[in-house]
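Reminder, nothing fancy here: chain letters follow the sequence lines and each chain counts from 1.
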Number of protein chains: 2
Amino acid sequence: MRWEHLDQEPCSVARTLSVIGDRWTLIILRDCFLGVRRFEKFESRLGITRHVLTDRLKKLVQNDVLVKTPYQEKPRREEYRLTEKGLALHPVIMSLVHWGNTYMTDDEHGAPLIHIHKSCGHRMSPVTTCSHCGEPVTARDIRVEVGAGWEGVVKTPRTE
Amino acid sequence: MRWEHLDQEPCSVARTLSVIGDRWTLIILRDCFLGVRRFEKFESRLGITRHVLTDRLKKLVQNDVLVKTPYQEKPRREEYRLTEKGLALHPVIMSLVHWGNTYMTDDEHGAPLIHIHKSCGHRMSPVTTCSHCGEPVTARDIRVEVGAGWEGVVKTPRTE
DNA sequence: CTTGACAAGTTCTAAAAAGGAACTGACTAT
DNA sequence: ATAGTCAGTTCCTTTTTAGAACTTGTCAAG
């Protein structure tokens, strides 16, 4: 299975990963949530090659996660901003950051990214709760079931 | 910057992505949470090449996300299970699934993965809340700040 | 009016990673 | 003895990425 085919699979997880399931893409998105918007800024901050950055930004725009808008004409300069769809990825990034802060933190330095909840003003970490009863949930509280959209597609990826 | 250096950066996000920021790794983890434990099962379900699967499982074991334990001797057969550290990735996978179900679902098929909250018995989606005040949060409610662990490291990745 | 700088790319080659298929080794079941 | 299972490894080809230099349009300084 190659990655071009992944976005055509009737499995939303596979399709999600065809958009953001890439090392650079996730780091780019982390920087987007930090307010970075310009090509040069991404490049200098991340140490990504320009070629790959061009490619990843293009894909994110195609997938409606970022929008490319000019912030000046003469000369034309573009910037990349998160769309609503892109902003909706925030829980993914937050939980990634939280896991990193918990399990991958270098003791010498402490957590590199901190989240402040504007309305209560405190430093926070994300707590995942149940949309139905509101209780916090962990992996053991959840049963994962295969729904209507699965349809044996991932089970037999070779047949395509 | 190459990926071998990423895990040495004093930035927990970069280090997190050095472990799981990879297309196959995330799909493997999705299957782990579905209960898949054996090499052959991963391979046939995912359409991953055996070489890459070997490599990714090895890395996940090295990073203490999975444990490799024999489930029989004669002949020795190994299986891969999530550790506590691995189980702690569940919010990441859930939010990924939720985003996919919301924005990437094929209308013909519907959501491929469904989460059931065991204690309340209902189908649920993850709601990210503030650990301090308990209110649900979205991207706009959060201010991201650079903490002590950042230290200009990601800003100047080339200097290493 | 030429030189330099800046932003946002594109082009080139070499190195690394992934794909694809066949092969191994230690068994088990027919 | 023959075929099948599982958990890999080996070999070769194709694709992707790294790294550095080059391009294009514009302004600003000397």
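We find that CD1 of B:Ile48 is positioned 11 Å from C1' of C:dG19, with the value rounded to whole Å. Atom CD of B:Glu78 is separated from atom P of D:dT5 by 20 Å (rounded to the nearest Å). Atom P of nucleotide C:dA8 and atom CG of A:Leu66 are separated by 14 Å, given to the nearest angstrom. Whole-Å rounding puts the B:Glu43 CD to D:dT9 C1' distance at 13 Å. Atoms NZ (A:Lys58) and P (D:dT17) sit 13 Å apart, rounded to a whole Å. The separation between B:Arg76 atom CZ and C:dG25 atom C1' is 15 Å, rounded to whole Å. Rounded to a whole Å, the CZ atom of B:Arg37 is 16 Å from the P atom of D:dC6.
A tilted orientation is assigned to the rings of A:His90 and A:Phe33, their planes being inclined by 30° to 60°.
Taking 4.0 Å as the cut-off between side-chain N and carboxylate O, B:Arg50 and B:Glu40 count as a salt-bridged pair.
Heavy atoms of B:Tyr71 sit under 4.0 angstrom from primed sugar atoms or phosphate atoms, though from no base atom. B:Arg38 comes within contact range of the sugar-phosphate backbone alone, with a heavy-atom separation under 4.0 Å but no base atom that close.
Each of A:His51 and A:Arg77 was matched to the nucleotide of DNA chain C holding its nearest heavy atom; the match closer to the 5' end belongs to A:Arg77.
Relative to the six-membered ring of A:Tyr71, A:Arg38 meets both conditions, a distance below 6.0 Å and an angle of at most 45° to the axis.
At least one side-chain nitrogen or oxygen of A:Tyr80 sits closer than 4.0 Å to the OP1 or OP2 atom of C:dG9. Using a 4.0 Å cut-off, no side-chain N or O of A:Arg23 falls inside it from OP1 or OP2 of C:dA17. In this model, the phosphate group of D:dG8 is approached by a side-chain N or O of B:Lys68 to a distance below 4.0 Å at OP1 or OP2.
No hydrogens or angles were tested; on distance alone, a donor-acceptor pair under 3.5 Å links the side chain of B:Arg50 to the base of D:dA7.
When A:Thr69, A:Val61, A:Val67 are each tested for a side chain to side chain contact (heavy atoms under 4.5 Å, CB included) with A:Tyr80, only one passes: A:Val61. Put simply, the residue from B:Val97, B:Asn101, B:Ile93 that forms a side chain to side chain contact (heavy atoms under 4.5 Å, CB included) with B:His115 is B:Val97.
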